[in-house]
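Below: the structure, in structure tokens.
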Amino acid sequence: MHTQDSTTASPVATSPTSGTPGIPPFRYTAELAGRIEQRWQDLWDERGTFHAPNPSGSLGDGAGERPAPDAPAYFLMDMFPYPSGAGLHVGHPLGYIATDVVGRHRRMCGDNVLHALGYDAFGLPAEQYAVQTGQHPRTTTEANIANMRRQLRRLGLAHDPRRTFATTDTDYVRWTQWIFLQVFDSWYDEAAPRADGGTGRARPVSELLAQYESGARPTPDGRPWSELDEVERRRVIDPQRLAYVSETPVNWCPGLGTVLANEEVTAEGRSERGNFPVFKRSLRQWNMRITAYADRLADDLDLIDWPEKVRAMQRNWIGRSEGAQVVFTVLGGGELEVFTTRPDTLFGATFMVVAPEHPLLDEVPAAWPDGTRDTWTGGHASPAAAVAAYRTEAAARTAVERQADTSKTGVFTGHLATNPVTGTAVPVFTADYVLMGYGTGAIMAVPGGDERDHAFARTFELPVVHTVLPAPDSEVPDGPYTGDGVVVASANDEVSLDGMDVATAKSTIISWLEGRGAGTGTVTYRLRDWLFSRQRYWGEPFPIVYDEHDLPIALPESMLPVDLPEVPDYSPRTFEPEDADSNPEPPLGRNEEWVHVTLDLGDGPRTYRRDTNTMPNWAGSCWYYLNYLDPSRRETVVEPSLEQYWMGPEHNATVGASGGVDLYVGGVEHAVLHLLYARFWHKVLHDLGHVTSVEPFHRLFNQGYVQAYAYADSRGQYVPADEVEEQTSEDGSVTYLWQGQEVRREYGKMGKSLKNVVTPDDMYEAYGADTFRVYEMSMGPLDLSRPWETRAVVGSQRFLQRLWRNVVDEDTGDLTVVDADPDAATLRLVHRTVDEVRTEMDAMRFNTAIAKLIVLNNHLTSLDRVPRAAAEVIVLLVAPFAPHLAEELWERLGNTESLVRAPYPVADPAYLVQETVTCVVQVQGKVRDRLEVPPDIGEDELRELALAAPGVLRSLADREIRTVVVRAPKLVNVVPV
RNA sequence: GCGCGAGUGGCGAAAUGGCAGACGCGCCAGGUUUAGGUCCUGGUGCCCUCGGGCGUGCGGGUUCGACUCCCGCCUCGCGCACCA
């Protein structure tokens, strides 16, 4: 099928390795490995070996063929890299090698494997690196990508080279902007039925317009749609879009010069990137209505095969909690709505608390009401003064201070409200332990059932009523009781909860409240809408312009992509990190000619103002998996038949009803951010009919990190780790020396600052790529973090050297295998190894798979001559790990076709049966003897043999036997009295 | 505080109810070469009176038998945290 080329005709490795005294000319050294590896990398490229065929369209396999109809489609992905200027260290390829091993293995098992790698190239580091080097971000980004491609190509990854791209490519940006427009042009219809049986999905805005036009949906002020003018109509529609502009409190980070999403702000109120302070500012920004999908994002976690840890983190972030909204009437007019997860404790609500930002505080009673205690007023003469002072005080506290200090501060507002079940008036306080951004910004406080409310009640001398006790006759505890139990003291003339458990009491009181119009059962979420605009240069521009009404207008598809303009200075305008009053200043605004543009959007040429924000870095990674399916110029975001073939529900035997990428490998650091955003976009695309899969990533695997030792001298300065020598003294203690002085060992991330970087290039140079691959895969389980130890790499090199020597003569380069049949022991070991390695490969336990290959290889080494049949099997088994060496040996063994699609060996069960089995004979659980027995030995016979074994007799002495446990043929346990 | 994960030789690790430490590094001894290194072979948990004894963070339990299952605790790592 492939034409033989000149490179194949004279294999590089038939020429001796360059003469080093004492080293046989055909030894598998780093140098020979390097020549073999580069030869095969070139051959794979020339032949299109890893071209994954699409079932239709322009992409066939290396010979232009379509996939075999019975080949399962297997879509394999890595979290794509960010091409930083620093290049790769040996930790980065860990996941790429692992997915490559999976892909090569699946390919040998007959799957049509789609595996490619793109680059996530917009974003802050590229921009900062460009500013540092004084070059355009595109220039530095492209140089970084080129360097990373070179480093990764040398690893021999079996990627389809036709499917690579960068998120910064104009063709890609076009579709990112196109998806934004889809989101902009959609609204969420809570009532629309879905194929999966649920209700609620995104629909095109045109269908919302149709509802208004027909009168099926009333306008907000009740006027007929036809009476609204164009601007009024847009003001009705625009806020309902899934992508909308709104003036809301956002996270403003002066140190970065941009606003940030909630997900990009740490619990300490600092930016995840750069660790700068973040301030709440009310600014007009783009948001995406991810909250509309909160339920589905939480529920559909059950459909996918992800680590429980990541699913828990997403559930936690979405933060769904079920409870009730309860309305309290405020004395003197108005209502105060609270959210509670414990409506069953309503009879114990003895006061209320609202957040300092709560609108109820905009008007407060003129004087303190009767019954006001001195401790409640904060020493102020009137509620207005007290509230104003507390609001100022609270606003001055940063999130960090709020968190650090859990003591309860607050002040009485002068308002009283009526508890709807008891009819009593309770005081309304304001305190900053209640957050405006959650629920309704107001709570009913139940000091008998909540730790925080109890602490507040204690500080302000408020009454405590317990309405739940562990048991009916329990003593009333000093503190709050938050557990399940029995409800007490909770009855009025119409309803009694007394004697119920918490769950029954909840549903009972919710029905009662709903009947009276005093409350409803509701669900709230911690998840907020996704703040989607950034004030940066190096990102996707919004395909949006504004007219004279300052309302957004989507550019038509024909005007995509909107390219980044040239600007005099693309560095972000940053501020003093603590300067909360500064304002964001988008770099795109520096090009006046670009910002003010004359366009014909259907009603003749008019002047518009462009949106000068850019999209967050996450935009590009929200849909890149779809681009792998067909990265060429195309008419749709993804060809439906390709999406169904590679990602659709049930596209193979394992993907299940969710569909999605079959295996997605990456670090756990994206557990919430990237993975939540991508799921959201995917569901929007699903609702709009662009994809059939419900989830983008069916199986997620988090690989561990490669970390490294670092060494510091007595002054705390780091010294180059590769120059440190280890010294073991006679008492066994270990010291580390650098240039004769003792240094202290630490453990941490690999990086320039710790002077402990080891690069893949170092490894190619010293050992070759195959050895590096085998070492990384044999270090331990893939999901565990592990320390890098360069000196241990030699073990993997010895393994491959022995394998080479088992097939090729080191002195002559001749083939050494013999055509004789393997002996019985070899045959059994070969088949057992095949069987065990298959199991390990399927479970992604590559470290133990390699261990078993080493055992087989060591056995072959012990033979005088290696039988060809055994050599062929081990070469095929080792191929996913050391593909270049395997191809070379495979070819030397006389095969003319690459082994990339050779069938993965299958064990013959006939050879898995042992001739004899070692039976362990225990006395009271301790091993006292061993017997060699036939595998089909009977229980009675084995018992007799065991009881006569010398070790058993010695150990038993004269003790009587109570019982004998026989598990033929492997174990007998004799239990004495 | 809540949730999740981990704890086994000098080191990375293996064994998921049945021989604890596969495989690799390091270390020790020997061989080839000989200047060293590479490479090859063997050994290597601790103690020992060579019978055996002890040993998987600590304490208890279940079992004929526990690294493995159950209960309690300790240490480390990760996530969340005034979310009503």
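All heavy atoms count here, side chains included; hydrogens, waters and symmetry mates do not. Chain letters run A, B, ... following the sequence lines, proteins first and then strands; every chain starts at 1.
- Side-chain proximity of A/Thr861 to the nucleotides B/U41, B/C39, B/A84 is greatest for B/U41.
- Between B/C39 and A/Gln801, a contact under 4.0 Å exists linking OP1 or OP2 to a side-chain N or O.
- Which of B/G18, B/A84, B/G26 sits closest to the side chain of A/Val965 comes down to B/G18.
- Counting only heavy atoms from C-beta on, A/Asn858 has its side chain closest to B/G24 among B/G18, B/G24, B/C40.
- Taking the P atoms as reference points, B/A14 lies 15 Å from B/G24, given to the whole Å.
- In this structure, A/Ile318 places its CD1 atom 15 Å from C1' of B/G79, rounding to the nearest Å.
- The nearest whole Å value for the distance from the CD1 atom in A/Ile850 to the C1' atom in B/G24 is 10 Å.
- The side chain of A/Ala792 lies closest to B/C25, out of B/A84, B/C82, B/C25.
- Taking the six-membered ring for Trp and thresholds of 30 and 60 degrees, A/Tyr28 and A/Trp804 have ring planes inclined between 30 and 60 degrees apart.
- Counting all heavy atoms, side chain and backbone alike, A/Val774 lies closest to A/Ala882 at CG2-CB, 4.1 Å.
- A syn base is found at B/G9: its glycosidic angle is within 90° of 0.
- With a 4.5 Å cut-off on side-chain heavy atoms, A/Leu856 and A/Arg832 do not count as touching.
- Counting non-hydrogen atoms under 4.0 angstrom, A/Leu435 reaches a base of the nucleic acid.
- Of the C1' atoms belonging to B/U56 and B/G45, the separation is 11 Å, rounded to the nearest Å.
- Summarising the geometry, the separation between NZ on A/Lys970 and C1' on B/C19 is reported as 9 Å, rounded to the nearest angstrom.
- The nucleotide B/A6 finds its pairing partner in B/U75, both defining distances of the Watson-Crick or G-U wobble pair being shorter than 3.5 Å.
- If you check every strand for non-hydrogen atoms under 4.0 Å, A/Val434 touches a base.
- Defined by atom type and a distance below 3.5 Å, a donor-acceptor pair is present between the side-chain atoms of A/Tyr438 and A/Thr524.
- By the 4.5 Å heavy-atom criterion applied to side chains, A/Phe881 and A/Ser778 are not counted as neighbours.
- Using modelled atom types, one finds a donor on one side chain and an acceptor on the other under 3.5 Å when comparing A/Thr848 with A/Glu840.
- Among B/G24, B/U38, B/A13, the nucleotide with an atom closest to any side-chain atom of A/Arg27 is B/U38.
- When the P atom is used for both B/U63 and B/A15, the distance is 28 Å, rounded to whole Å.
- Atoms CD (A/Gln325) and P (B/A84) sit 13 Å apart, rounded to a whole Å.
- For the pair A/Asp929 CG and B/C19 P, the interatomic distance rounds to 16 Å; values are reported in whole Å.
- Rounded to whole angstrom, the span from the CG atom of A/Asp450 across to the P atom of B/C82 amounts to 13 Å.
- Pairing for B/U16 is absent, judged as Watson-Crick or G-U wobble with the two contacts each under 3.5 Å.
- Applying the Watson-Crick and G-U wobble criteria (two distances, each under 3.5 Å), B/A29 pairs with B/U41.
- Listed pair A/Arg342 / B/A84 fails the phosphate criterion, with no side-chain N or O lying under 4.0 Å from OP1 or OP2.
- With both pairing distances under 3.5 Å, B/G1 is matched to B/C80 as a Watson-Crick or G-U wobble pair.
- Two residues are said to be in side-chain contact when any heavy atoms from C-beta on lie closer than 4.5 Å; A/Pro480 and A/Asp450 fail this criterion.
- Nucleotides B/U16 and B/A66 place their C1' atoms 11 Å apart, quoted to the nearest Å.
- Residue A/Arg805 places its side chain closer to B/C40 than to any other of B/C40, B/C54, B/G18.
- When distances run from any side-chain atom of A/Arg798 to the nucleotides B/C64, B/A22, B/C40, the shortest one goes to B/C40.
- For the C1' atoms, the distance from B/U68 to B/G1 is 31 Å, rounded to whole Å.
- Among the nucleotides B/C40, B/C64, B/A13, the one closest to the side chain of A/Arg802 is B/C40.
- Within residues 305-315 of chain A, the residues having any heavy atom closer than 4.0 Å to RNA chain B are, in order of number, A/Lys309, A/Met313.
- Taking the syn range as angles within 90° of 0, the glycosidic angle of B/G51 is syn.
- Annotation: A/Phe429 is in aromatic contact with A/Phe456 [ring centroid separation under 6.0 Å].
- Rounded to a whole angstrom, the distance from the P atom of B/G9 to that of B/U41 is 29 Å.
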A/Thr918 vs A/Glu932, side chain to side chain donor-acceptor pair (under 3.5 Å): CA-CA, chis, key distance, verdict: CA-CA 5 Å; A/Thr918 304; A/Glu932 286 300 311; 2.7 Å; yes
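- Heavy atoms of other residues, nucleotides or ligands lying less than 6.0 angstrom from CZ of A/Arg865 number 12 at most.
- In this model, no donor atom of one side chain and acceptor atom of the other lie less than 3.5 Å apart for A/Asn756 and A/Tyr747.
- When each of A/Asn857, A/Thr861, A/Asn858 is checked for a side chain to side chain donor-acceptor pair (under 3.5 Å) with A/Arg802, only A/Asn858 meets the rule.
- Taking atom P in both B/G51 and B/U38, the straight-line distance is 38 Å, to the nearest Å.
- B/G55 makes up no base pair with any nucleotide shown, lacking Watson-Crick or G-U wobble contacts both under 3.5 Å.
- Residue A/Arg526 has its side chain nearest to B/A81 when only B/A81, B/C40, B/A84 are considered.
- In this structure, A/Lys408 is positioned above the aromatic face of A/Tyr433, its NZ or CZ under 6.0 Å from the six-membered ring centre and within 45° of the axis.
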Pick out the pairs of N or O atoms, protein on one side and nucleotides 9-12 of chain B on the other, that lie under 3.5 Å.
from, atom 1, to, atom 2, distance (Å)
B/G12, O2', A/Met779, O, 2.7

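- Judged by distance alone, with hydrogens and angles left aside, A/Lys852 brings no side-chain donor or acceptor close enough to the base of B/C23 to form a pair under 3.5 Å.
- Ring geometry, A/His674 versus A/His670: the interplanar angle exceeds 60°, so the pair is classed perpendicular (tilted spans 30 to 60°).
- Look at the P atom in both B/C69 and B/A6: the space between them is 10 Å, to the nearest Å.
- At a cut-off of 3.5 angstrom, counting only N and O atoms as typed in the model, there is a donor on one side and an acceptor on the other between the side-chain of A/Gln922 and the base of B/G18.
- What separates CD of A/Glu840 from C1' of B/A13 is a distance of 14 Å, to the nearest Å.
- If you take CZ of A/Phe328 and C1' of B/A84, they are 12 Å apart, rounded to a whole angstrom.
- Look at B/U68: it lacks any Watson-Crick or wobble partner with both distances under 3.5 angstrom.
- Within the 4.0 Å cut-off from OP1 or OP2 of B/A84, at least one side-chain nitrogen or oxygen of A/Ser321 is found.
- The side chain of A/Arg930 has B/C19 as its nearest neighbour among B/C19, B/A15, B/G18.
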